[in-house]
> 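Sharing a structure here in structure tokens format.
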Amino acid sequence: MSIITLQSVKKDFGIKEILKDANFSLDATDKVGLIGTNGSGKSTLLKMIAGLEPVDSGQILVNSGSKVIYLPQQPDLDENRTVLAQIFADSGEHMALVREYEELSDKLAHYPEDSQLMSRLSVVMQKMDATGAWELETNAKIILTKLGISDFDAIIGTLSGGYRKRIALATALLSEPDVLLMDEPTNHLDALSVEWLQSYLNRYRGALFLITHDRYFLDRVTNRIIEIDRGDIYTYTGNYSYYLEKKALAEESAISSQRKHQGVLRRELEWLKRGPKARSTKQKARIDRVHAMRETQFKQANGKVDISTASRRIGKKVIEINNISKAYNDRTLIKDFTYEFSPEDRIGIIGGNGAGKSTLMDMITGREQPDAGNVEIGTTIHIGYFDQHSEELLTALNENQRVIDYIKEEGEFVQIADGTKITASQMLERFLFPGNQQYAPIHKLSGGEKRRLFLLRILMSVPNVLILDEPTNDLDVQTLAVLEDYLEDFSGCVIVVSHDRYFLDRTIDTIFSFEAGGVLRQYPGNYSVYLDYKKAEEAAQQETVNKEKSNKVEVEKPASQPKDSETKQRRRLSNWEKKEFEQLEGKIAQLEAEKAEAEKALLNVPSGNYSQVQKLYDQVEALKQAIDTATERWLELAEMES
């Protein structure tokens with residue numbers, strides 16, 4: 001059943017046509033990913049469906065009684081509320097009870113002898129019991145915790161933009177609407193929170209319509225992709241991988257059709273040049289067909305960012321970090337960190353929100369100074385720093401500046417990879433800024449277009465060290481794919497701070513992980529290999545804990561004799577089962593030893609040997625399953641033997 005239907009919807013902002021004639025419907029079981037280049041109109045489409053942006057013509061029909069919730073990129077929250085108060089602000093009767101319960105509990109903490117408060121709290125608690133509102137509060141706290149928010153009484157006004165986005169996300173999930181419209185829900189979430197959200201939305205019963213740059217997320221959550229391409233809407237039934245496959249086939253087919261058309265048109269024009277006399281109906285029809293073919297316009301392949309800048313020489317000394325430390329108040333972000341970057345380094349830096357990733361980048365670039373230690377930069381080094389807040393800085397400083405003027409500040413001309421020079425305007429066109437948009441003020445651009453513009457200016461400066469702090473925020477998936485290809489051939493050092501698992505897998509070969517106490521730990525390989533290491537470590541730690549518990553139970557277990565009635569009821573082990581029981585203990589010990597050896601080997605695999613890592617990881621998983629099966633059987637037989 002269709003919940004939302006678009007019929008001949010058109011939208012035009014003057015300098016750009018967003019939708020020409022959009023027609024599609026959203027069913028109750030749809031999990032739709034909306035993709036398109038930055039500025040193509042993705043966020044505008046979501047706002048129109050949410051009723052926040054008018055359509056120029058056509059209509060959007062929403063099924064009567066359906067609850068639609070819209071989660072924007074920049075949610076509007078009451079800065080004076082606490083986290084829980086915000087969660088329950090626009091809620092029904094159940095959430096109102098929870099909100100009143102929280103308020104009464106807070107007041108009683110200050111006035112414990114107030115009998116009126118106690119009496120009212122008792123009434124509210126009875127209502128919560130009757131309506132099941134307790135479960136609602138529990139779910140709210142679980143969701144907030146999974147999204148990295150533990151202080152439920154924090155005032156919204158004291159929190160960062162990232163925390164506010166997560167609070168808005170929690171509010172949207174808790175409301176359980178029929179349709180959830182989400183604009184970049186994974187921005188500002190760390191990898192663990194993204195994994196949890198991915199799992200949550202897979203179980204979500206309502207319809208989803210979301211914009212995200214996270215391609216793993218798109219692949220695992222969506223069952224349908226809708227693409228906006230220069231005002232046209234294209235629908236693909238399947239996830240992101242399916243879309244890529246079908247999109248490639250469609251573009252190949254379009255190119256083939258265009259070539260055939262051009263071949264036929266060329267032959268027809270040659271016939272026309274010979275001057276046929278239009279005496280017959282057939283000849284007249286053929287001449288008319290030639291004229292019609294000449295008027296036929298083919299849509300060119302979807303515009304793609306073209307990153308092709310020249311390289312700059314890089315010396316042996318790149319960046320040397322010597323025993324640096326950094327703390328804020330009583331919290332240590334970085335402690336005694338030393339590392340010497342090489343020209344070939346591809347480093348990915350990960351860690352929870354607020355761990356110190358951006359602080360480390362700011363110290364490398366000189367924006368901040370370490371509390372101890374120092375950072376030395378090579379004399380030939382030119383750093384290009386793609387700050388995660390670049391579009392905010394750009395807007396604040398150059399709001400009314402024209403796009404072309406902003407780029408010309410870096411240079412009127414730029415040398416590209418093949419050695420030729422092109423103008424700033426031509427470079428803008430390569431970055432999907434057409435002529436009419438180049439002379440528009442920067443504030444007319446979307447958030448993603450501002451990020452793309454800032455990236456262009458950085459690359460035009462020809463850096464030999466690229467520092468990318470959350471580069472995937474607001475960049476479309478097409479631009480990200482081209483950026484990944486560019487980094488693969490980039491002749492310099494690359495340092496990436498990102499939560500985007502797909503981007504890290506494609507661009508880096510070493511992980512620096514922020515861990516407890518300001519420790520920066522190194523792991524060889526990309527993000528997926530890092531996860532394998534962490535799983536192996538956690539399994540080894542759990543095994544140690546299990547052994548300690550088992551030893552403790554054996555020591556503390558009192559000697560006791562079974563009752564006669566229990567002895568009679570137990571079935572005796574057969575001779576075959578006795579033999580099996582005796583052999584299992586040795587078998588389990590052998591399997592444990594093999595697993596320990598495999599985990600040790602996994603941790604010592606040289607960087608870049610991905611096939612060996614995968615082989616050892618599969619071996620560890622198989623051994624774990626064999627140990628579980630054998631242990632379960634041993635316990636079963638031991639109970640019968642005792």
Side-chain angles (χ1 to χ4, degrees), residues 15-16 36-40 213 302-312 361 365 382-492 494-498 500 503 507:
I15 63 171
K16 183 180 291 185
T37 57
N38 291 132
S40 60
H213 60 264
N302 189 27
K304 293 181 181 178
V305 175
D306 182 3
I307 301 178
S308 178
T309 57
S311 59
R312 186 192 296 258
M361 298 303 99
T365 56
H382 182 86
I383 296 175
Y385 187 14
F386 189 61
D387 189 338
Q388 65 170 308
H389 302 297
S390 54
E391 78 282 0
E392 297 173 14
L393 294 171
L394 188 153
T395 300
L397 297 175
N398 305 278
E399 187 178 68
N400 297 311
Q401 188 177 25
R402 297 186 305 180
V403 171
I404 185 72
D405 295 332
Y406 175 75
I407 289 299
K408 282 183 176 180
E409 285 181 350
E410 189 60 46
E412 295 278 348
F413 297 89
V414 60
Q415 185 174 324
I416 58 176
D418 63 6
T420 59
K421 286 187 175 182
I422 63 173
T423 65
S425 178
Q426 289 172 318
M427 198 64 185
L428 278 167
E429 287 180 356
R430 287 171 173 245
F431 261 61
L432 304 187
F433 292 102
N436 59 340
Q437 207 173 18
Q438 293 179 20
Y439 289 89
I442 288 172
H443 69 78
K444 291 281 189 180
L445 303 180
S446 69
E449 286 174 318
K450 290 173 186 173
R451 294 274 284 173
R452 188 175 353 118
L453 182 66
F454 193 74
L455 175 62
L456 169 59
R457 178 156 171 170
I458 288 171
L459 297 181
M460 283 181 65
S461 70
V462 194
N464 48 24
V465 172
L466 264 177
I467 298 179
L468 307 175
D469 191 358
E470 296 294 355
T472 62
N473 283 359
D474 296 325
L475 286 181
D476 57 72
V477 293
Q478 294 91 336
T479 301
L480 288 176
V482 177
L483 178 58
E484 288 159 359
D485 290 337
Y486 171 80
L487 293 178
E488 190 172 325
D489 298 325
F490 179 71
S491 57
V494 177
I495 307 170
V496 177
V497 176
S498 182
D500 191 310
F503 190 82
T507 58

> Without swapping roles, check the side chain of Q438 against the backbone of F433 for a donor-acceptor pair under 3.5 Å.
yes

> State, with a plain yes or no, whether a side-chain heavy atom of H382 is found less than 4.5 Å away from one of V462.
no

> Whether the side chain of R452 engages the backbone of N38 through a donor-acceptor N/O pair (distance < 3.5 Å, no angle test) should be reported.
yes

> Can you see which heavy atom on L445 is nearest to which on K450, and at what distance?
O-CE, 3.4 Å

> If you measure from CG on L459 to CE on M427, what distance do you get to the nearest 0.5 Å?
7.0 Å

> State which residues pass ring-ring contact (aromatic ring centres under 6.0 Å, His included) with Y486; sequence neighbours excluded, sorted by chain then number.
F490

> For a side-chain contact (heavy atoms from CB on, under 4.5 Å) check, start with the C-alpha distance between Q437 and V403, then their side-chain angles and the critical distance, and finish with the verdict.
CA-CA 7 Å; Q437 207 173 18; V403 171; 5.6 Å; no

> Measuring from atom OG1 of T365 to atom CD1 of I495, what distance do you get when rounded to the nearest 0.5 angstrom?
10.0 Å

> May I ask you to decide if Q426's main-chain N or O and T423's side chain share a donor-acceptor pair within less than 3.5 Å?
yes

> With distance as the sole test, does R451 use its side chain to make a donor-acceptor pair with the main-chain N or O of D476 at under 3.5 Å?
no

> Distance from R312 atom CZ to S491 atom OG, nearest 0.5 Å?
11.0 Å

> Is R457 close enough and on-axis enough to F431, meaning under 6.0 Å and within 45°, for cation-pi?
no

> Looking at every heavy atom in both M361 and I467, which two are closest together, and how far apart are they?
SD-CG2, 3.4 Å

> Working to the nearest 0.5 Å, report the span between CG of N400 and CG of D405.
12.0 Å

> State, with a plain yes or no, whether a side-chain heavy atom of L468 is found less than 4.5 Å away from one of S498.
no

> Does L483 form a side-chain contact (heavy atoms from CB on, under 4.5 Å) with T507? I'd like the steps, not just the answer.
CA-CA 9 Å; L483 178 58; T507 58; over 6 Å; no

> In the structure I gave you, are the side-chain heavy atoms of L428 and L453 within less than 4.5 Å of one another anywhere?
yes

> What are the two closest non-hydrogen atoms of P463 and G384, and how far apart are they?
CB-N, 3.4 Å

> Side-chain contact test, heavy atoms from C-beta onward, threshold under 4.5 Å: evaluate it for H213 versus L480 and give yes or no.
yes

> Within this structure, what is the OG1-CD distance for the pair T479 and E484, rounded to the nearest 0.5 Å?
10.5 Å

> Can you name the residues that form a side-chain hydrogen bond (donor to acceptor under 3.5 Å, both in side chains) with E488, not counting sequence neighbours?
none

> To the nearest 0.5 Å, what is the distance between CG on L466 and CZ on F386?
10.0 Å

